[in-house]
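Below: one structure, written as structure tokens.
Below, chains carry the letters A, B, ... as their sequence lines are ordered, and counting in each starts from 1. Computed over heavy atoms, backbone and side chain alike; hydrogens, waters and symmetry mates excluded.
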Protein chains: 2
Amino acid sequence: MGKKQNTQEKILDSATELFLEKGYDRTSVREIASKAKINISLMNYYFRSKEMLFETIINLLIGKTSVSLKEILDSDLELNKKIELYISEYINMLISNPLLIAFVIAVLNRNPEKLLSLKVTDNLYNTDVFTKQLEEEYNHGKIRKINPEQFYLNMLSLITFPFAIKHIINDKNKFSNKDFKAFIIDRKEIIYNMLMCYLKP
Amino acid sequence: MGKKQNTQEKILDSATELFLEKGYDRTSVREIASKAKINISLMNYYFRSKEMLFETIINLLIGKTSVSLKEILDSDLELNKKIELYISEYINMLISNPLLIAFVIAVLNRNPEKLLSLKVTDNLYNTDVFTKQLEEEYNHGKIRKINPEQFYLNMLSLITFPFAIKHIINDKNKFSNKDFKAFIIDRKEIIYNMLMCYLKP
DNA sequence: ATTCGTTTTAAACAAGTGTTTAAAACATTT
DNA sequence: AAATGTTTTAAACACTTGTTTAAAACGAAT
């Protein structure tokens, strides 16, 4: 039992790293086995197929990183504070997982039905709570009339897109990884100000 | 000569469609040949290798769609008008090529050096002309102090990112393709207002 | 009609893919 | 110590991949 979890985890860790770096198609089962230092057939023994291993990893990956973000959206924080916290935590998470966005976009466009059929996908987008909060704020005259769906999408775009084109940004600006991180952290305030400015009645 | 260009174009057209839809790795040479209704070896005869065919297609694809956008950025239009036109033309182009963004992101993250080594990549990002225009507007007190690089990235994110996650947006909102298009067209004004609001001194 | 260069074809190649098999090694329980 | 169930191993399987080969078909010029 102890050893069982051990090799299973070794497979998971190695495969996760490879899938994130090179994508599903460019990662061979033999490479996973080699990196995990296990026999090739153990992958099938523990996960039945490469495809099922991949699904497991998607769920773990998105689950671990996105649940806390959804909780923020669904909390009862004041709108300003909620947006500020959401931006900050989302960016912190992506700094720790800089390959996640490109990975999700790749999976989404390669096999939309599969990704969208997973429960974890709910954590990736807007929630009813947040939409209703925006509507209520407008009804109380606190913010100007907006489309909540569009507003959330704007926020999400500003937060996540830079990570999808990190290589271009670094190349065009001659950024090191450190420079990129600083550039991204600067965005916390910029994005917040931009959204707040737009919400003003 | 006539027939030569004919089969070459048949290969290009079929391969472009398949690469956009399924990506490089999930598209086999046999599938391209089958779609183009040609013999398999003609692909190597005209393009030497699958890889070189792919490079050719990347250049054609990005070249055709991005050159006019760069021209807008480098034009001598007034800032407001330039931003308005850039947003509108970029969105129009992506409505005609909805798979382009996911495609570029995939290539960029799979093989950064290769994409960035191509000349067409210059058309994909900010330009010196636009950066200087933003700086001058600030020096004349027309806009508030901003980081031009961040500002351009904000604009690009708001314009392009929704196309990268089109499937999620359609799924969560129960959008048809027609709904999505209307939703996107609405964004022209939203994005413009947001950026202008943020630029006000 | 014959020659020449270009284009197209069918067949095969070598290499890599994910997966399965059946036996061995191991750990645990009786 | 023997039996049982779990885990690991090496080898092979069936299949697909991109590419090459050598001959055939074609078109144009002599």
For residues 187-201 of chain B, which side-chain donor-acceptor pairs fall under 3.5 Å, sequence neighbours excluded?
from	atom 1	to	atom 2	distance (Å)
B:R187	NH1	A:Q150	OE1	2.9
B:R187	NH1	A:N154	OD1	2.9
B:R187	NH2	A:N154	OD1	2.8
B:R187	NH2	B:L158	O	2.9
B:K188	NZ	B:S88	OG	3.2
B:K188	NZ	B:N92	OD1	2.8
B:N193	ND2	B:E189	O	3.3

Which donor-acceptor pairs under 3.5 Å do side chains of residues 103-113 of chain B form with protein atoms, sequence neighbours excluded?
from	atom 1	to	atom 2	distance (Å)
B:N109	ND2	A:A164	O	3.2
B:N109	ND2	B:I105	O	2.8
B:R110	NH1	B:D25	OD2	2.3

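Atom pair A:M43:CE and D:dT8:C1' shows a separation of 15 Å (rounding to whole Å applied). Protein atom CD1 of A:I40 is 18 Å distant from nucleotide atom P of C:dA22, rounded to whole Å. What separates CD1 of B:I38 from P of C:dT7 is a distance of 14 Å, to the nearest Å. Taking atom OH of A:Y45 as the reference point, atom P of C:dC26 lies 16 Å away to the nearest angstrom. Following rounding to the nearest Å, B:Q8 (CD) and C:dT8 (C1') show an atom-to-atom distance of 15 Å. Between the C1' atom of C:dT6 and the OH atom of B:Y46 lies a distance of 8 Å, rounded to the nearest Å. Rounded to a whole Å, the CG atom of A:L42 is 14 Å from the P atom of C:dC26. A straight line from CD of B:E9 to P of C:dT7 spans 14 Å, rounded to a whole angstrom.
Between B:N39 and C:dT8, a side-chain N or O to OP1/OP2 separation shorter than 4.0 Å is absent.
Partners of A:T56 under the side-chain contact (heavy atoms from CB on, under 4.5 Å) rule, at least two apart in sequence or in another chain, are A:L12, A:F47, A:L60. Under the ring pair (Phe, Tyr, Trp, His ring centres under 6.0 Å) criterion, B:Y138 pairs with no residue, sequence neighbours left out.
No donor-acceptor contact under 3.5 angstrom links the side chains of A:N97 and A:T65, judged on distance only. No donor-acceptor contact under 3.5 angstrom links the side chains of A:Y152 and A:T131, judged on distance only. A donor and an acceptor atom, one from each side chain of A:Y90 and A:T160, are nowhere located under 3.5 Å apart.
Within a heavy-atom distance below 4.0 Å of DNA chain C, the residues of residues 48-59 of chain A found are A:S49, A:K50. Residues from residues 13-29 of chain A with heavy atoms under 4.0 angstrom of DNA chain D: there are none.
Considering only side-chain atoms of A:S41, the nucleotide from D:dT9, C:dT19, C:dT9 that sits closest is D:dT9. Each of D:dT9, D:dT17, C:dT17 was ranked by its minimum atom distance to the side chain of B:R30; first place goes to D:dT17.
Salt-bridge check for A:K22 with A:E31: passed, with a basic side-chain N closer than 4.0 Å to an acidic carboxylate O.
A:Y24 carries A:K50 over the face of its six-membered ring, with the cationic atom under 6.0 Å from the centre and within 45° of the normal.
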